[in-house]
There are 2 protein chains.
Amino acid sequence: MNSLAYALLSMLVRKSCTGYELSQFLETFWQAKHSQIYPLLKKLEHADMLTFVYEHQTAKPDKKIYTITPKGKEVLSEWIGTKPSPPVSRDEFLIKAYAIWLTESETAIELFNERIDFYQKKIDFRIGIIAEIELQYGKQLLDPKASHFGRYILFKRKLKLEQDEVEWCQWVLSIIENFTDQSI
Amino acid sequence: MNSLAYALLSMLVRKSCTGYELSQFLETFWQAKHSQIYPLLKKLEHADMLTFVYEHQTAKPDKKIYTITPKGKEVLSEWIGTKPSPPVSRDEFLIKAYAIWLTESETAIELFNERIDFYQKKIDFRIGIIAEIELQYGKQLLDPKASHFGRYILFKRKLKLEQDEVEWCQWVLSIIENFTDQSI
DNA sequence: GTGGACATGTAATTGGTTACATGATTAG
DNA sequence: CTAATCATGTAACCAATTACATGTCCAC
């Protein structure tokens, strides 16, 4: 049972999904590849934590809809109370930012602008989802026992993170541009 | 050449270090284990990007001090301008936060409080380092061509991240505690 | 006609963690 | 007397990515 397994269970406890859907929803945590998800689902099924039914589709490939079992729900619930292992974030951009003093300012400016674009797209997407959740649930969002609570607080956190990243990039860009002006 | 290799080069271009020191400094990016660092340093040395000298020590084990070569510096500089691969952050705690609606509020409160402690320690450490950097370099920090620039902007970003995490946890805690009061 | 969405799977390879191995010194 | 710091290394194992594989429909 690795953390990806728990991530899958935590999504399936809210609603039954296919592996394909899970690989998309998993963006919330991190982007796992389908080649890792499909074998894991099979493993969880063999461990009696999931069951599945085939759904035949014409024009589209058939799909397997996975549902969590009582055992799966129990395993997940017990895991929540255990001490989480420390977060790891591997971000190549940060290495480049650290070594940015080695490059020309044009290279640096381009790098930071691309970072802004990358996160701006995420922000737009995130704002849309949050608006949707707020519209649908309203005041109920303050109920920590409701199944959408976790999703809501998580999206709020992600949004802040992404907005801060853009702000920070703009701050760095202002320093670089300022300095470039001075040396002309 | 994976991203860890570039992370090592980006630290060594600032100053020569031992593998042991690198494993500590690498906290800035992520915590790589020594079992991954030592073989990589050897590989980079064979690729003529690093050289090393032995330093004999009494009372302490001998050490190997690695220095970047012109080739290593060139490889690193060219890499900076290339498109960075998207960031990955694996955070078990976020899965637990997502599924928090399944647990008792005491469990939830404990989980979030431990998260705050974890990040508060990081904040204290980070503020110390930033103060040190600011004291030592002052106005020069606005020079993007100075070797401490990258380190400075990176630490500023990390600090904001860590402070936001604590704020977010406190916000979630306030919702949970509020709700628990109501249901008594 | 080309690329993307839908949908699932396996195989090969690389990346990363845990465990094994050694050994002196110092602080609590 | 026990744990931590300094210091380097290998081996075994697990996790994750890339590549291989298949097939239809729809939009541009």
Side-chain angles (χ1 to χ4, degrees), chain A residues 1-9 11-12 16-27 29-47 50-66 83-92 95 125, chain B residues 1-8 11-12 16-27 29-47 50-66 83-92 95:
Chain A
M1 291 295 294
N2 58 24
S3 33
L4 181 60
Y6 292 107
L8 294 174
L9 291 178
M11 316 226 74
L12 287 166
S16 298
C17 302
T18 66
Y20 188 81
E21 286 173 309
L22 285 167
S23 71
Q24 293 179 305
F25 297 158
L26 235 75
E27 183 271 351
F29 302 123
W30 63 84
Q31 55 337 307
K33 304 291 149 76
H34 71 273
S35 54
Q36 203 184 356
I37 293 169
Y38 291 124
L40 231 187
L41 286 170
K42 197 177 272 186
K43 218 179 121 192
L44 291 172
E45 192 241 315
H46 287 307
L50 299 179
T51 54
F52 72 93
V53 282
Y54 268 108
E55 196 182 290
H56 179 69
Q57 296 189 118
T58 46
K60 282 181 192 176
D62 294 355
K63 54 186 178 181
K64 286 164 88 171
I65 300 166
Y66 282 95
K83 200 180 151 72
S85 49
V88 242
S89 96
R90 271 183 212 94
D91 193 344
E92 239 182 58
I95 305 169
F125 165 77
Chain B
M1 291 297 292
N2 57 22
S3 33
L4 181 59
Y6 291 108
L8 294 174
M11 315 227 73
L12 287 165
S16 299
C17 303
T18 66
Y20 188 81
E21 286 172 309
L22 286 166
S23 72
Q24 294 179 304
F25 297 157
L26 235 76
E27 183 270 351
F29 302 123
W30 64 83
Q31 57 336 305
K33 305 291 149 75
H34 71 273
S35 53
Q36 203 184 356
I37 293 169
Y38 291 124
L40 231 188
L41 286 171
K42 198 176 270 185
K43 218 179 119 190
L44 291 171
E45 191 241 315
H46 287 307
L50 299 178
T51 52
F52 73 91
V53 282
Y54 269 108
E55 197 182 288
H56 180 69
Q57 296 188 119
T58 46
K60 281 183 193 175
D62 293 356
K63 54 186 178 180
K64 287 165 87 171
I65 299 165
Y66 281 95
K83 199 179 152 73
S85 48
V88 244
S89 96
R90 270 183 213 95
D91 193 345
E92 240 182 58
I95 305 169

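Source: prediction; values computed, not measured. Chain A is the first sequence line, chain B the second, and so forth, proteins listed ahead of strands; every chain is numbered from 1.
- Nearest approach of A:Ala32 to A:Leu26, heavy atoms of both residues: CB-CD2, 3.6 Å.
- Distances shorter than 4.0 Å separate none of the side-chain N or O atoms of B:Tyr20 from OP1 or OP2 on D:dT8.
- Across the protein-nucleic acid pair, A:Ile37 atom CD1 and D:dA15 atom P stand 15 Å apart, rounded to whole Å.
- Rounded to a whole Å, the CG atom of B:Asp62 is 12 Å from the C1' atom of C:dA24.
- Following rounding to the nearest Å, B:Leu40 (CG) and D:dT8 (C1') show an atom-to-atom distance of 15 Å.
- In terms of heavy-atom proximity, A:Ser3 sits nearest to B:Glu92 at CB-CG, 3.6 Å.
- Scanning for ring pair (Phe, Tyr, Trp, His ring centres under 6.0 Å) contacts around B:Phe25 gives an empty result, with sequence neighbours left out.
- When rounded to the nearest whole Å, the span between OH of A:Tyr54 and P of C:dT8 equals 9 Å.
- Residues A:Leu12 and A:Tyr66 come closest through the heavy atom pair CD2-O, 3.5 Å.
- In this view, A:Glu45 satisfies the salt bridge (charged side-chain N to carboxylate O under 4.0 Å, His left out) rule with no residue, not counting sequence neighbours.
- Whole-Å rounding puts the A:Tyr66 OH to C:dA7 P distance at 14 Å.
- With the nearest nucleotide of DNA chain D identified for both B:Ile65 and A:Asn2, B:Ile65 has the one nearer the 5' end.
- Each end of the helix from C:dG1-D:dC28 to C:dG28-D:dC1 yields a helix axis from five base pairs, and these two axes differ in direction by 50° (to the nearest 10 degrees).
- Put simply, the side chain of B:Gln36 never gets that close to the backbone of B:Lys33: no donor and acceptor are under 3.5 Å apart.
- To the nearest angstrom, C1' of C:dC6 lies 11 Å from CD of A:Glu21.
- Between the OH atom of B:Tyr38 and the P atom of D:dA11 there is a distance of 17 Å, given to the nearest Å.
- Regarding contacts with the backbone of C:dA24, every side-chain N or O of B:Gln57 stays at 4.0 angstrom or more from both OP1 and OP2.
- With sequence neighbours excluded, the residues satisfying salt bridge (charged side-chain N to carboxylate O under 4.0 Å, His left out) with A:Glu27 are A:Lys122, A:Arg126.
- In plain terms, the two heavy atoms of A:Ser89 and B:Ser89 that are nearest each other are CB-CB, 3.3 Å.
- Nucleic acid contact class of B:Gln24 (heavy atoms, under 4.0 Å, all strands): sugar-phosphate only.
- Comparing A:Lys63 and A:Pro39 along DNA chain C, the residue whose closest nucleotide (by nearest heavy atom) sits nearer the 5' end is A:Lys63.
- As rounded to whole Å, 16 Å separates atom P of C:dG9 from atom NZ of A:Lys43.
- Applying the ring pair (Phe, Tyr, Trp, His ring centres under 6.0 Å) criterion to B:Tyr6, with sequence neighbours excluded, gives B:Trp79.
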Sub-3.5 Å pairs of nitrogen or oxygen atoms, protein against nucleotides 17-24 of chain D:
| unit_1 | atom_1 | unit_2 | atom_2 | d |
| --- | --- | --- | --- | --- |
| D:dT18 | OP2 | A:Lys33 | NZ | 3.4 |
| D:dT18 | O4 | A:Ser35 | OG | 2.7 |

